[in-house]
Amino acid sequence: MTQQANTPVSDPHPEGFTHINAKGEASMVDVTEKAVTAREAVAEAYVEMQPETLRMIVSGEHKKGDVLAVARIAGIQAAKKTADLIPLCHPLMLTKVKVELTPEPEHNRIRIESLCKLAGQTGVEMEALTAASVAALTLYDMCKAVDKTMVISGTKVLEKKGGKSGNWQMASDSSGAQVVSVSGSQAASPSAVGGGVVKVRFFAGLRETLGCEQLPLSLNAEAVTLADVKALLITSHPDWEDALSAKNLLMSVNQQMAKASALVTVGDEVAFFPPVTGG
Amino acid sequence: MSCQIQISVQEAEFDLGAVNRAISADRTDIGAIVTFSGLVRDFNEKPDVLALTLEHYPGMTEQALAEIAAEAAERWPLQAIHVVHRVGRLTPGDPIVLVAVASAHRQAAFDGCSFIMDFLKTRAPFWKKENTRQGDYWVSARSSDATAAERWQEGEI
């Protein structure tokens, strides 16, 4: 939600705050005219604690139960509530929220990483930050009885994709907001971050029928649906139409089963395969 | 209570006894371990199956199995889940899959094990190719497997 607004109100800070109008009052940015694009944001936070606290969490000895699982769910729930908490934040239809907690015993801390995705008109970094923050607060809440010295730190946005400001990533060794890669999405070219390409893989009988194990597929937009990917494949390989039109064909995006309406963004790994027959 | 989950996709044969011992090592709170092991049959859609080749989607397979196990651990009070699935070439009589589920009481272990197998069959990306006297062919999915997984939908248990 940090993009420049196309509001009719003249902005006193052309390069500044978008949530303040000409009179200096707080206002929600009008995004009605903004294009719908695939958005994605990654944020992180750390909870530092005593080694013994971390050990209890990892070994599952904690009196309140599975701390990591509860914190993870709390983060996901929180992402959905972001618009209720942050006054000028738009309510969003999130299509994906992922929160991961990784114990780092060498640093006596737990690292929280959150990912939020949607196809929409405004960014999702506030949702990602909220998810990471609330997961951190939940960790604190569940462990405060054994360790009151825990410190929540390092809450920040790591990466942002989509929208007018394009792709952005925090420099890995940076102490502040150093932009290491910015690419305008309007000018999405094969040289943009991720190469403008998705990796498509085929398995089992389908791989044999098509005679193809994997191929790079160029996208003409920054994000498309899985159904679009299939259509693009058929356009470039008309003889694949029958095999790819099979009703029971399964599909995945980044190694998660997905439906035809699932969003695919540049850099993703997509796979098509027949119904599974393990066991 | 946290459930210890271990997933392995491997070519090597597994040792059912060793898995059982690993689950109950250094703890005495486990009351039941239910293990299911699947073997390669010498007949399937066609008779005279000579061998089986199992293909999988490295990475996604392990992740799918871990998610299924985590789901079981959320539905029942389970203490440990070990899933071992073999890939590569196997011959009739070979063990192919092992699901071991530990709990304080037997019913949760039975249900958890059954649940994991039902979803492994419909959600984990493995594919079998059978090598028979009549030629090689990819095994097709059975609708009975989909039906078995559907019975775990909300409200059925």
Side-chain angles (χ1 to χ4, degrees), chain A residues 54-73 76 98-101 103 142-143 199-210 213-214 243 246-259 262 268-279, chain B residues 1-5 9 36-40 44-45 52-65 67-68 70 73-74 77 79-80 83 85-87 96-99 116-130 136-143 145-146 148-149:
Chain A
L54 185 58
R55 195 196 60 75
M56 281 179 77
I57 293 174
V58 173
S59 64
E61 288 169 23
H62 208 281
K63 217 167 68 184
K64 288 200 184 177
D66 192 338
V67 174
L68 298 179
V70 174
R72 195 172 67 81
I73 297 299
I76 293 171
K98 190 163 119 186
V99 177
E100 280 179 341
L101 291 97
M142 292 191 71
C143 302
K199 180 176 174 184
V200 182
R201 304 179 67 174
F202 304 104
F203 287 91
L206 182 65
R207 170 175 50 80
E208 288 185 354
T209 306
L210 304 181
E213 198 170 320
Q214 65 175 63
K247 280 250 180 318
N248 59 4
L249 197 71
L250 296 177
M251 302 176 282
S252 67
V253 177
N254 295 332
Q255 308 196 347
Q256 292 278 345
M257 292 278 193
K259 293 190 174 138
D268 283 352
E269 177 176 304
V270 172
F272 295 89
F273 41 82
V276 302
T277 54
Chain B
M1 178 185 59
S2 76
C3 176
Q4 181 213 25
I5 293 174
V9 177
F36 169 84
S37 50
L39 310 178
V40 178
N44 195 25
E45 288 167 29
L52 199 67
T53 308
L54 261 143
E55 178 172 333
H56 76 300
Y57 186 165
M60 177 167 173
T61 307
E62 291 83 349
Q63 208 178 315
L65 292 174
E67 281 168 16
I68 294 165
E74 268 175 37
Q79 293 163 322
V83 179
H85 203 298
R86 295 177 69 191
V87 291
I96 174 169
V97 60
L98 169 71
V99 176
I116 291 168
M117 266 316 294
D118 284 346
F119 281 97
L120 181 151
K121 286 249 175 205
T122 51
R123 274 206 237 151
F126 290 103
W127 300 275
K128 284 187 192 123
K129 188 177 199 177
E130 280 177 358
D136 294 352
Y137 67 95
W138 289 96
V139 174
S140 48
R142 290 165 184 265
S143 61
D145 286 335

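Proteins get letters first, then strands, A, B, ... in listed order; numbering begins at 1 in each.
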The interface call for B:Trp138 against chain A, heavy-atom contacts under 4.5 Å, is side chain
Those residues at least two apart in sequence (or on a different chain) that pass ring-ring contact (aromatic ring centres under 6.0 Å, His included) with B:Phe36 are none
Would you please test B:Ile96 and B:His85 for side chain to side chain contact (heavy atoms under 4.5 Å, CB included) and show each step? CA-CA 6 Å; B:Ile96 174 169; B:His85 203 298; 3.9 Å; yes
Checked B:Arg123, B:Met117, B:Arg142, B:Glu74 vs chain A; the most non-hydrogen pairs under 4.5 Å come from B:Arg123
Under 4.5 Å from any heavy atom of chain A, what part of B:Thr53 do you find: side chain, backbone, both or neither? neither
Pick one of side chain, backbone, both or neither for B:Lys129, based on which atoms fall under 4.5 Å of a heavy atom in chain A. side chain
Top contributor to chain A contacts, counting heavy-atom pairs under 4.5 Å, from B:Asp145, B:Val139, B:Val99, B:Leu120: B:Val139
How would you list, by chain and number, every residue that makes a side chain to side chain donor-acceptor pair (under 3.5 Å) with A:Arg201, sequence neighbours excluded? A:Glu269
Most heavy-atom pairs under 4.5 angstrom with chain A, which of B:Trp127, B:Tyr137, B:Phe126? B:Trp127
Greatest number of heavy atom pairs closer than 4.5 Å to chain A - which of B:Ala70, B:Ala124, B:Ala64: B:Ala124
Between B:Asp118 and B:Ala149, which heavy-atom pair has the shortest distance, and what is it? O-CB, 3.9 Å
Below 4.5 Å from any heavy atom of chain A, which atoms of B:Glu67 appear? Answer side chain, backbone, both or neither. side chain
Euclidean distance, B:Thr61 OG1 relative to B:Glu55 CD, rounded to 0.5 Å: 9.5 Å
Within-4.5 Å side-chain heavy-atom neighbours: B:Met60 and A:Phe203: no
Once you round to the nearest 0.5 Å, how far does OH of B:Tyr57 lie from CD of B:Gln63? 9.5 Å
Only pairs of heavy atoms separated by less than 4.5 Å count here; which of A:Ala69, A:Ser59, A:Ser252 has the most with chain B? A:Ser252
Would you mind checking which part of A:Gln256 comes under 4.5 Å of any heavy atom in chain B, side chain (CB onward), backbone (N, CA, C, O), both or neither? both
